[in-house]
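Quick notes on the structure that follows.
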Amino acid sequence: MAEKTILPFGDPVLRKKAKPVEEVNPRILKLLDDMVDTLYAAEGRAGLAAPQIGFLRRVIVMDCGDGLIELINPVMLEMSGEQIGPEGCLSFPGHSGFVKRANQVKISSLNRQGETFVLEAEGYLARCIQHEMDHLDGVLYIDRIEGNALIHDETGRKVNVFDIIRLSKPEH
């Protein structure tokens, strides 16, 4: 197990679509372990998607306060309700912005044993799931910012999100 480098905003890998995991094998288990080490080493963390450490696979690890969740090939089944709240990203440290998301989600995923499970979430956990699943499709939270402004966490200074998005477009 090893802590990996989190790719910064602007790295083209963050805008690519991740490929499904064909088989939960030792390589995928090592990826999960490395992602967990990386997640827990990061300040202000809630979740990490494999593309954020340079692996274009549909793998996510999260801990939104209630313990570790590992997702392999997650699929959104249902979304309902609405919430608007602050989000940040390990690939864009030091900034946050308000994003509109579904308030409840239901997903299907594989666990590290290769077994399918269904997870229902609401509130903050639902937000985290949607944020990380976006990473698997090359979508960043700045693409969904309300009010077109990011806020610098230390200074409170607003940054026009359109200036930032121009630097990095999704490959779709």
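- Cluster membership check: L56 does not share its hydrophobic cluster with I72, using side-chain heavy-atom separations under 4.5 Å among Ile, Leu, Val, Met, Phe, Trp and Tyr.
- Smallest separation of non-hydrogen atoms from Y141 and G97: CE1-N, 3.9 Å.
- Listed here is the closest heavy atom pair of D143 and G138: OD2-O, 4.5 Å.
- A donor-acceptor contact shorter than 3.5 Å links the side chain of N73 to the backbone of V21.
- Interatomic distance, I69 CD1 to C64 SG, rounded to the nearest 0.5 Å: 6.0 Å.
- A salt bridge is absent between D37 and K4: the closest approach of a Lys/Arg side-chain nitrogen to an acidic carboxylate oxygen does not fall below 4.0 angstrom.
- Looking at Q83, its side chain does come within 3.5 Å of a backbone N or O of A102 through a donor-acceptor pair.
- In the hydrophobic clustering of ILVMFWY residues, with side-chain heavy atoms under 4.5 Å counting as a link, L29 and V61 come out together.
- The minimum heavy-atom distance between A42 and I6, with the atom names listed, is CB-CD1, 4.3 Å.
- Remark: E70 pairs with R112 by the salt bridge (charged side-chain N to carboxylate O under 4.0 Å, His left out) rule, at least two apart or across chains.
- Classification of R101 and E87 as a salt-bridged pair holds, one side-chain N sitting under 4.0 Å from a carboxylate O.
- Atoms OG and CZ, from S109 and R58 in turn, are 10.5 Å apart once rounded to the nearest 0.5 Å.
- In the model, Y40 has a side-chain atom that pairs as donor or acceptor with a side-chain atom of D63 under 3.5 Å.
- Between F9 and F92, the ring planes lie tilted relative to each other; the angle falls in the 30° to 60° range.
- Two different hydrophobic clusters hold V13 and L90 under the rule that ILVMFWY side chains link at heavy-atom gaps under 4.5 Å.
- Note on V99: it clusters hydrophobically with V159, by side-chain heavy-atom contacts below 4.5 Å among ILVMFWY residues.
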Go through M62 and L68 one step at a time and tell me if the side-chain contact (heavy atoms from CB on, under 4.5 Å) criterion holds.
CA-CA 6 Å; M62 300 182 324; L68 181 66; over 6 Å; no
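- Among I60, V59, I53, the one residue that satisfies the side chain to side chain contact (heavy atoms under 4.5 Å, CB included) test with L48 is I53.
- Once rounded to the nearest 0.5 Å, the distance linking CG of N103 with CD1 of I84 reads 11.0 Å.
- Residue P51 comes nearest to L136 through the heavy atom pair CD-CD2, 3.9 Å, listed as atom of the first residue, atom of the second, then distance.
- Annotation: side chain of H135 is in contact with side chain of C89 (closest heavy-atom distance under 4.5 Å).
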In sequence, state the C-alpha distance, the side-chain angles, and the governing distance for Q104 and S80, and then conclude on side-chain hydrogen bond (donor to acceptor under 3.5 Å, both in side chains).
CA-CA 5 Å; Q104 296 93 19; S80 62; 2.9 Å; yes
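- Taking the side chain as every heavy atom from C-beta outward, K158 and L150 never approach each other to under 4.5 Å.
- A salt bridge does not link D137 to K16: none of the charged side-chain nitrogens sits closer than 4.0 Å to a carboxylate oxygen.
- Using modelled atom types, no side-chain atom of E132 and backbone atom of C128 make a donor-acceptor pair closer than 3.5 Å.
- Between atom NE2 of residue H95 and atom CD1 of residue I151 there is a gap of 10.0 Å, rounded to the nearest 0.5 Å.
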How far apart are the C-alpha atoms of K106 and V118, what are their side-chain angles, what is the distance that settles it, and do they pass the side-chain contact (heavy atoms from CB on, under 4.5 Å) test?
CA-CA 7 Å; K106 182 177 182 181; V118 173; 3.6 Å; yes
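- Annotation: Q113, atom CD; neighbour count of heavy atoms from other residues, nucleotides and ligands within 6.0 Å is above 12.
- The CG atom of L31 sits 5.5 Å away from atom CE of M35, with the distance rounded to the nearest 0.5 Å.
- With hydrogens and angles disregarded, no donor-acceptor distance shorter than 3.5 Å links the side chain of D134 to the backbone of L140.
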Report the C-alpha separation of M133 and I129 in whole Å, then their side-chain angles, then the decisive distance to 0.1 Å, and conclude whether the side-chain contact (heavy atoms from CB on, under 4.5 Å) test is met.
CA-CA 6 Å; M133 286 183 70; I129 289 168; 3.7 Å; yes
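- Here the closest heavy-atom approach between residue S96 and residue D153 is recorded as OG-OD1, 3.0 Å.
- At a threshold of 4.5 Å between side-chain heavy atoms, the hydrophobic network of Ile, Leu, Val, Met, Phe, Trp and Tyr places I107 and L110 in two separate groups.
- Residues satisfying the side-chain hydrogen bond (donor to acceptor under 3.5 Å, both in side chains) test with T116, not counting sequence neighbours, are none.
- The CD1 atom of I28 lies 9.5 Å from the CD atom of E22; values are rounded to the nearest 0.5 Å.
- Using modelled atom types and a 3.5 Å distance limit, the side chains of S91 and Q52 yield a donor-acceptor pair.
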